[in-house]
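Structure first, then comments.
No hydrogens, no waters, no symmetry mates; every other heavy atom, side chains included, goes into these values.
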Amino acid sequence: MAKLLGRKHGRALSRLAVAAVAAALVGTSASAAVADAPAPVPAPVKKLDIGAVTQTAPKARASARVQAQDAPVFGLFGVERSSGFLYHYDPNGTGGLDERLFAGADWDLLKAAAPVDHNGDSRGDGLWAWDYAGNLYYSDARTEDEARTIGSGWNIYDKVLSPGNLGGGTAYDVLARDNSGVLWLYLGYDNGKVDPRVKVGAGWGGYTQISGKGDLTGDGRADIVARDSSGVLWLYKGTGNYKAPFSPRVKIGAGWNAYNTLVSTGDVDIDGQADLLARGTDGKLWLYKGTGNASAPFAPRKQLGFGYNTYSWLF
């Protein structure tokens with residue numbers, strides 16, 4: 001069992017756990033059950049059967065009505081604050097989230113993670129993960145191998161995400177913001193490796209949240225949103241040009257400081273459009289359904305559940 005640096009309380013996180021979550025992404029499904037918000041105290045959970053979920057992926061894909069070139073469907077992952085346990089929520093097929101499934105332990109040893117859809121079939125096929133020691137790992141959901149170490153030195157960044165294909169290729173790319181507020185782009189490949197970084201621009205340290213997973217404007221290119229310290233949310237439309245990946249920002253609206261987390265998991269309500277999830281400071285989880293319209297990218301919010309402050313981070 002490979003151990004990650006920066007162990008906490010004598011516990012170690014296996015790279016195999018990263019691989020297991022990547023495998024689970026392939027089978028993200030949509031069922032008809034009622035959404036189940038996390039309980040304020042630990043409750044009995046169901047163990048996620050990685051093998052069974054992966055084997056039923058074609059059936060799950062059909063039931064979710066997901067088509068190639070639709071927004072990706074990853075489901076929501078959350079790392080429980082008190083235990084470090086990782087839980088997963090599938091879309092329920094009716095615009096909400098299904099009951100949570102246990103997906104792994106000791107995930108508080110990781111700093112961030114990002115599922116990817118490298119082959120463009122709207123299903124997860126891999127996972128990048130970053131630990132506090134600055135190591136980047138990648139797990140290929142198409143194999144049973146352990147997650148591989150891709151590189152080190154990533155602890156110079158305070159924000160890392162993979163919103164989609166930003167550079168005009170086929171695979172997902174990585175955005176990383178350093179401690180001085182400079183944003184960098186790493187062109188990604190379906191084997192998890194990345195090219196040397198390209199500078200996007202400075203001044204990104206003024207944003208308290210940056211998120212994105214897929215196309216928000218209906219042009220087929222991945223976009224991101226960023227919230228500034230005053231609570232204004234901005235849209236950065238993707239260009240497909242890795243040398244200048246975003247168009248000038250466009251204001252979406254104010255009042256977004258009501259949320260302590262903005263996270264995109266792709267398509268939540270299985271309509272082919274990328275959506276945005278927002279967790280309130282009171283722990284309520286809200287869905288901002290994507291419209292595909294650049295001038296008004298989100299419909300009015302819809303509450304999905306409560307008690308989500310039990311999670312230290314979501315992806």
Side-chain angles (χ1 to χ4, degrees), residues 3-25 28 35-48 50 53 74-91 97-116 124 126-139 141 147 154-155 157-162 208-211 213 259-266 268 276-286 304-315:
K3 296 181 179 180
L4 302 186
L5 298 178
R7 291 183 300 160
K8 186 177 180 182
H9 305 308
R11 294 178 288 119
L13 178 68
S14 171
R15 290 182 297 171
L16 185 59
V18 179
V21 173
L25 287 165
T28 300
D36 174 42
V41 295
V45 297
K46 298 190 295 183
K47 184 68 178 291
L48 184 61
I50 302 299
V53 170
F74 294 118
L76 175 67
F77 288 90
V79 179
E80 191 171 54
R81 196 182 311 275
S82 61
S83 65
F85 291 165
L86 181 71
Y87 293 95
H88 181 231
Y89 296 83
D90 279 341
L97 298 173
D98 207 343
E99 62 185 35
R100 70 179 187 174
L101 299 174
F102 176 76
D106 296 329
W107 274 71
D108 51 339
L109 301 180
L110 286 176
K111 186 176 183 179
V116 296
L127 180 79
W128 273 307
W130 298 264
D131 67 14
Y132 283 96
N135 298 306
L136 169 64
Y137 302 94
Y138 181 74
S139 177
W154 287 75
N155 46 357
Y157 300 118
D158 62 8
K159 178 66 177 180
V160 184
L161 67 156
S162 181
T208 56
Q209 294 283 320
I210 305 173
S211 186
K213 190 70 76 173
Y259 305 115
N260 57 26
T261 299
L262 301 178
V263 58
S264 179
T265 63
V268 175
L276 183 68
L277 294 172
R279 182 180 66 181
T281 55
D282 57 2
K284 293 179 181 177
L285 189 68
W286 300 88
L304 297 187
F306 58 90
Y308 282 82
N309 273 346
T310 191
Y311 299 116
S312 57
W313 54 285
L314 302 164
F315 66 95

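A cation-pi arrangement is found for Lys213 relative to Phe74, the charged atom lying closer than 6.0 Å to the ring centre and inside a 45° cone about the ring normal.
To the nearest 0.5 Å, atom CH2 of residue Trp286 and atom CG of residue Leu277 are 12.5 Å apart. Going from atom CG of Leu110 over to atom CH2 of Trp130 covers 10.0 Å, rounded to the nearest 0.5 Å. Once rounded to the nearest 0.5 Å, the distance linking OG1 of Thr265 with CZ of Phe77 reads 10.0 Å. Taking CZ of Phe306 as the start and CG of Leu285 as the end, the distance is 12.0 Å to the nearest 0.5 Å. Here the CG atom belonging to Asp108 is positioned 9.5 Å from the OG atom belonging to Ser82, to the nearest 0.5 angstrom. For the atom pair NZ of Lys111 and CG of Asp158, the computed distance is 6.5 Å after rounding to the nearest 0.5 Å.
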> Checking side chain to side chain contact (heavy atoms under 4.5 Å, CB included) for the pair Val116/Trp128: CA distance, chi angles, key distance, verdict?
Replying inline: CA-CA 8 Å; Val116 296; Trp128 273 307; 3.5 Å; yes
>> Is there a side chain to side chain contact (heavy atoms under 4.5 Å, CB included) between Thr281 and Tyr259? Walk through the geometry before answering.
In response: CA-CA 5 Å; Thr281 55; Tyr259 305 115; over 6 Å; no
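Taking all atoms of both residues into account, the shortest heavy-atom contact from Ala113 to Trp107 is CB-CZ3, 4.2 Å. Minimum interatomic distance between Asp131 and Leu109 (heavy atoms only, all atoms of both residues): CB-O, 3.9 Å. The two residues Gly75 and His88 have their closest heavy-atom pair at CA-NE2, 3.9 Å.
Remark: the Asn155 side chain and the Tyr132 side chain contain no N/O donor-acceptor pair separated by less than 3.5 Å.
Leu127 is not listed as a side-chain neighbour of Tyr138, based on a closest heavy-atom distance of 4.5 Å or more. Residues Tyr308 and Tyr89 have side chains in contact (heavy-atom distance under 4.5 Å, counting atoms from C-beta outward). Counting heavy atoms from C-beta outward, Tyr87 and Phe102 have side chains that approach closer than 4.5 Å. Residues Tyr311 and Arg279 meet the side-chain proximity criterion, which asks for heavy atoms closer than 4.5 Å.
Surrounding NZ of Lys284 are at most 12 heavy atoms belonging to other residues, nucleotides or ligands under 6.0 Å away.
Side-chain atoms of Ser264 never come within 3.5 Å of backbone atoms of Ser211 as a donor-acceptor pair (strictly under, hydrogens ignored). A donor-acceptor contact shorter than 3.5 Å links the side chain of Gln209 to the backbone of Asn260.
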